[in-house]
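For reference, the structure is listed below as structure tokens.
Below, read A as the first sequence line, B as the second, and so on, with proteins coming before strands; counting in each chain starts at 1. For the numbers below, each heavy atom of this structure counts, side chains included, while hydrogens, waters and symmetry mates do not.
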Amino acid sequence: MNSMERVLATLSQNEPDRVPLFLLVSMHGAKELGLSIQEYFQKGEQVADGQLRMLKKFGHDCLYNFFYASLETEAMGGQSIFRKNGPPNSGAPIIRNFEDIEILELPRPEDSPRLLEVLKATRLMKEAVGDTVPIIGVVMSPFSLPVMQMGFERYFDLIFQYHVLFQRLMALNEEFCVAWANAQLEAGASAICYYDPVASSTITFRDDYIKNGFDVDKRTISRIKGPTAIHMASGRCLSILDLLAQTGTTMVGVSAEEDLKEIKDQSKLNILGNLNGIRMRNWNADQAEANVKAAIRAAGSGGGFILADNHGEIPWQIQEETLLSISKAVRQWGKYPLRWIHETTE
Amino acid sequence: MDQIFQKQQKLKEALLSLNRLQAESISKRLTKERDSLSLVEEIFIPVLEDIGQGWEEGKYGLSQVYWSARFCEEWIAQNLLDESGTVTDNPRMAIAVLEDFHSLGKTIVCSIIRSAGFTIEDFGIGISASALVEKTMEENIEILLISTLMLPSALSISEVYEQFQQKNYPVKLVVGGAPFRIDPDLVKEVRADYIVKSAADVIKVIRSIIQIKHSGT
């Protein structure tokens, strides 16, 4: 089986030859090319090159066109503040006052030079692998993007006190999100990872998600012309699994803070996760193996599971050796049928 | 005791449902019944701690913690406290977001600390390790609370610690934020003194530091 066949089988809730592995490495491509993180993300061809080199080195099952989270707000006139050892921070908010929302206009993705670099990277990856390896595109959900557009506190105030303006912002973000997701699919992305940490119960109470975010997610996902994985970016989702299943998404990216088996037992969705990306930086080969085994034991049976980290972005601090150990462990312990999980309870 | 519990529950329900009118009405009634100190100590702070604990357990969302903390801070400042606060033995405290630019955690912690009658200086967001050390020493801060969102910023707390060591400056480092929630062992790695996992912890941690200081251990 190639990676695409393996992933499609598991998404159909069948057991492929082994558990698929998505190492969602973005910044590590800069190390491959000997560039700083900021330099690396300036050109789509560098990102494509970095992704293809990492695919070869780690032998995982996807390519990832993700640059960094603040890229979307950069396209909207914001700034990213780069650092040497991690993803850039989002700079000053593009919405400074609630009134700004009344006159806010968002760009078309094709008019943004920064987003065009992502599309270029996607096209180059597609040319290189065709249909053998899934290419994962990325969008921020309309409900979560405002954290970068205006800051957390102001966004909470908007949701709870200025409902008309909140609805207007959601409408603008929905249009942008759908256009951006579909542009990536047209460029060659196989699926879209739809980051929605604000929907997670770590941030938003279930009732408030139903009131404010659920319809936004349903509307948006229904207009994306390809499969999506809704990702909580380390946030918890157990209490809203039933709602997420109704958004039309096919997969959920879950937190290391939640019990993967409990999620598997309760979810109708396919599962992506949930290796602890923060703890991972101190894992030796044995610990990497033990964590891979634990995740496979919890969620591997019957397919419907892709092993990945819990956040959707492997930290810069994770050593190459650790990623290789994870990849090796999946090859050793992820082969279907998973007889070993019934033979031992270690 | 039951009566206090019932009053706590009523306020908690109003706060969790983000119902400002109801929360104000309950708070007004309570103000007539009790003196400021007992109202803060027996109602507001236990309720905020309970909500913080509920967030840690996955029962409530951060939006509820934020709204509750902000409401209590505003209500107490406007209706109960004079400028000096209710705490007579207030250590010199400051809070900052190291290198990152997301201030939500800092805002919540500040609100809870101020609700408890303490004063705390806000050193802002996006501050570097060196600038934070310099400002802390200038202001003679005894307890420094550091909030981070991203792993590289959390790891930079080591740098803060080392600079304080080099300058032989005694300060208690209290850290919090997403990386510490995902990996609680990180607190040892960055050599901080205390971790605040949620709004439930912060006042307990501060009081524990004060107690240790007084006992001279």
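- Counting heavy atoms from C-beta outward, B:F118 and B:P91 have side chains that approach closer than 4.5 Å.
- With a threshold of 4.5 angstrom between heavy atoms, B:L155 approaches chain A through side-chain atoms but not through N, CA, C or O.
- Only the backbone of B:E56 comes within contact range of chain A, with heavy atoms under 4.5 Å apart.
- With respect to chain A, the highest number of heavy-atom pairs below 4.5 Å among B:Q64, B:R70, B:E99 belongs to B:Q64.
- Heavy atoms of A:S239 lying under 4.5 Å from chain B are absent altogether.
- Taking the ring centroids of A:F22 and A:Y64, they lie at or beyond the 6.0 Å cut-off.
- Proximity to chain A is limited to the side chain of B:Y66, based on heavy atoms less than 4.5 angstrom apart.
- Neither the backbone nor the side chain of A:S200 comes within contact range of chain B, judged by heavy atoms closer than 4.5 Å.
- In this structure, the portions of A:R279 lying under 4.5 Å from any heavy atom of chain B include both its backbone and its side chain.
- In this structure, the portion of A:E257 lying under 4.5 Å from any heavy atom of chain B is its side chain and not its backbone.
- Annotation: maximal heavy-atom pairing with chain B below 4.5 Å, among A:R281, A:K84, A:Q317, occurs at A:R281.
- Only the side chain of B:L18 comes within less than 4.5 Å of a heavy atom of chain A; its backbone N, CA, C and O stay farther away.
- Results of the side chain to side chain donor-acceptor pair (under 3.5 Å) test with A:S80 over A:R114, A:E74, A:Q38 single out A:E74 as the only residue that passes.
- If you measure heavy-atom distances from A:V198 to chain B, you find no contacts under 4.5 Å at all.
- For chain A, no part of B:R20 is nearby; none of its heavy atoms comes within less than 4.5 Å.
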